[in-house]
Chemist: 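Pasting a structure below so you can have a look.
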Amino acid sequence: MRMSTWIRQHLAALRALLVLTVITGIVYPLAVFVVAQLPGLHDKADGSLITHDGKVVGSSLIGQAFTDGKGGPLVQYFQSRPSNSVPSDGSIPDGYDPTNSAFGNMGPESVVDTLDTDPKKAKLSLLSTVCSRSKAVGDLEHVDGSRPFCTPGGVGAVLSVMGPRDLKGNVNKPTKVISINEACPATPFLASYKGVKVECATIGEDYSAGRIVPVKGDTSTATAVPTDAVTASGSGLDPNISPDYAAIQVARVAHARGITPDQVRTLVTAHTQGRALGFMGEPRVNVLELNLALDKQYPFKG
């Protein structure tokens with residue numbers, strides 16, 4: 001008795017399913033595992049883990065914060081790049097939560113802060129985030145942290161200019177001008193604009209009717225605080241910083257550990273990697289590896 005076409009087709013499909021399951025579900029994963037255990041690949045396959053005194057302290061591929069748990073930098077260590085990767089409950093204020101890799105999702109037009117008496121509801125714009133970070137780094141490293149479009153207080157230098165507009169949308173004769181990122185009773189970064197006194201912002205007021213005007217000021221674009229010191233990477237988990245950011249931290253770390261800046265610079269140079277394949281990306285310094293080398297050669301005695 002001949003099997004029906006329907007039965008033959010389903011038996012063939014079942015055999016194909018079993019064969020492909022063995023190949024893709026057993027043989028291929030096993031082959032990948034075996035190859036990954038070869039010398040030179042084993043450490044990378046296991047996550048590029050870094051051990052110190054016999055304990056795993058991190059991965060060379062994932063950054064971590066060197067702070068006191070409340071966001072305050074530990075002066076004896078090089079500081080990492082800022083991270084947007086934090087849990088939704090805010091339980092790790094220092095960021096670098098690998099289970100919540102995230103980007104800030106803010107673009108160049110993000111210049112107006114959300115002011116609120118409740119810190120949980122207040123939200124900094126991208127501009128003010130950069131400004132505040134730059135000021136904090138400048139204060140920590142004793143360099144000039146000022147940037148264009150930033151106030152001396154570390155927020156975005158942005159005005160809401162009220163008044164009739166011309167055909168191009170410009171307000172040539174303002175009736176009211178507010179520094180919208182500086183909440184009262186702050187003293188505005190600019191005393192007057194086009195002959196009109198600049199006022200501080202009242203929390204809860206809506207200034208969207210005004211023309212938003214970022215003010216560049218006279219600060220040089222050649223800032224001492226590099227870009228990677230004030231912006232997070234796309235993943236929020238970048239383990240590296242630029243040599244420029246490392247350079248402005250040398251004096252602080254040397255002073256904290258009681259050694260010379262040249263001794264610190266030697267370690268920075270030893271942990272600086274060049275461009276991938278000689279032309280891709282930028283030179284970089286792995287912060288975790290550098291800090292571990294510091295602890296090994298020049299232990300902190302503070």
Side-chain angles (χ1 to χ4, degrees), residues 36-83 85-86 92-99 101 133 136-137 139-143 224-226 228-230 232-233 235-276 278 281-302:
Q37 303 311 305
L38 294 176
L41 297 178
H42 176 72
D43 291 339
K44 293 182 175 61
D46 285 348
S48 300
L49 300 179
I50 298 177
T51 58
H52 182 66
D53 293 334
K55 297 180 179 179
V56 175
V57 295
S59 167
S60 63
L61 303 177
I62 298 178
Q64 57 182 268
F66 292 88
T67 55
D68 57 11
K70 297 180 180 179
L74 297 173
V75 295
Q76 70 270 31
Y77 289 117
F78 279 84
Q79 295 302 300
S80 304
R81 186 174 183 175
S83 172
S85 178
V86 295
I92 305 180
D94 298 329
Y96 285 102
D97 176 17
T99 65
S101 176
R133 286 173 175 169
V137 171
D139 292 345
L140 177 65
E141 311 300 350
H142 301 291
V143 298
V225 179
D228 64 302
V230 298
S233 64
S235 67
L237 302 174
D238 193 347
N240 306 308
I241 58 175
S242 67
D244 288 341
Y245 188 21
I248 66 173
Q249 301 187 59
V250 166
R252 167 178 53 79
V253 174
H255 181 267
R257 292 179 180 265
I259 57 179
T260 68
D262 284 341
Q263 288 174 306
V264 178
R265 290 191 190 96
T266 298
L267 283 180
V268 171
T269 300
H271 290 84
T272 299
Q273 304 173 35
R275 292 179 172 87
E282 296 293 333
R284 59 204 183 277
V285 180
N286 189 285
V287 181
L288 175 58
E289 293 177 350
L290 174 58
N291 283 336
L292 289 175
L294 279 167
D295 281 345
K296 182 178 180 179
Q297 290 192 228
Y298 310 108
F300 178 61
K301 300 176 182 179

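Each residue takes its place number in the sequence, starting with 1.
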Chemist: Once you round to the nearest 0.5 Å, how far does CG of Leu292 lie from CG of Leu267?
Modeler: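 Spacing of CG (Leu292) from CG (Leu267) equals 11.5 Å.
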Chemist: Measuring from Leu290:CG to Tyr77:OH, what's the distance to the nearest 0.5 Å?
Modeler: 11.0 Å
Chemist: From Lys301 NZ over to Arg257 CZ, what is the distance, rounded to the nearest 0.5 angstrom?
Modeler: 11.0 Å
Chemist: Over all heavy atoms of both residues, which pair between Ile259 and Gln263 is shortest? Give the atoms and the distance, please.
Modeler: CB-OE1, 3.0 Å
Chemist: Residues two or more places apart in sequence or in another chain: which of them pass ring pair (Phe, Tyr, Trp, His ring centres under 6.0 Å) with Tyr298?
Modeler: none
Chemist: Just verifying a value: how many Å separate His271 NE2 and Asn240 CG, rounded to the nearest 0.5 Å?
Modeler: 12.0 Å
Chemist: For Ala224 and Ile248, work out which heavy atoms get closest and say how close.
Modeler: O-CG2, 3.9 Å
Chemist: Gln273 and Arg284: side-chain donor and acceptor closer than 3.5 Å?
Modeler: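 Per modelled atom types, Gln273 and Arg284 side chains form a pair under 3.5 Å.
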Chemist: Quick one: list whatever passes ring pair (Phe, Tyr, Trp, His ring centres under 6.0 Å) with Phe78, sequence neighbours left out.
Modeler: none
Chemist: Measure the CD-CG distance between Gln76 and Asp295 for me, rounded to the nearest 0.5 Å.
Modeler: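 Those atoms lie 7.5 Å apart.
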Chemist: Just verifying a value: how many Å separate Ser233 OG and Ile241 CD1, rounded to the nearest 0.5 Å?
Modeler: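 One finds 13.0 Å between OG of Ser233 and CD1 of Ile241.
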Chemist: Check Thr272 against Val268 and note the closest heavy-atom contact, atom names and distance.
Modeler: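 That closest heavy-atom pairing would be OG1-O, 2.6 Å.
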Chemist: Which atom pair, heavy atoms only, marks the closest approach of Pro243 to Pro283?
Modeler: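 That would be CD-O, 3.4 Å.
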Chemist: Determine whether a donor-acceptor pair (N or O, by modelled atom type, separation under 3.5 Å) exists between the side chain of Arg252 and the backbone of Val75.
Modeler: yes
Chemist: Does any part of the side chain of Val137, heavy atoms only, come nearer than 4.5 Å to the side chain of Tyr245, both counted from C-beta?
Modeler: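 Result yes, sub-4.5 Å side-chain heavy-atom pair found.
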Chemist: Does Gln79 offer a backbone N or O that forms a donor-acceptor pair with the side chain of Gln249 under 3.5 Å?
Modeler: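 Judged by distance alone, yes, a pair lies under 3.5 Å.
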Chemist: Which atom names give the shortest non-hydrogen contact between Val250 and Pro261, and what distance separates them?
Modeler: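 Of all heavy-atom pairs spanning Val250 and Pro261, the closest is CG1-O, 3.6 Å.
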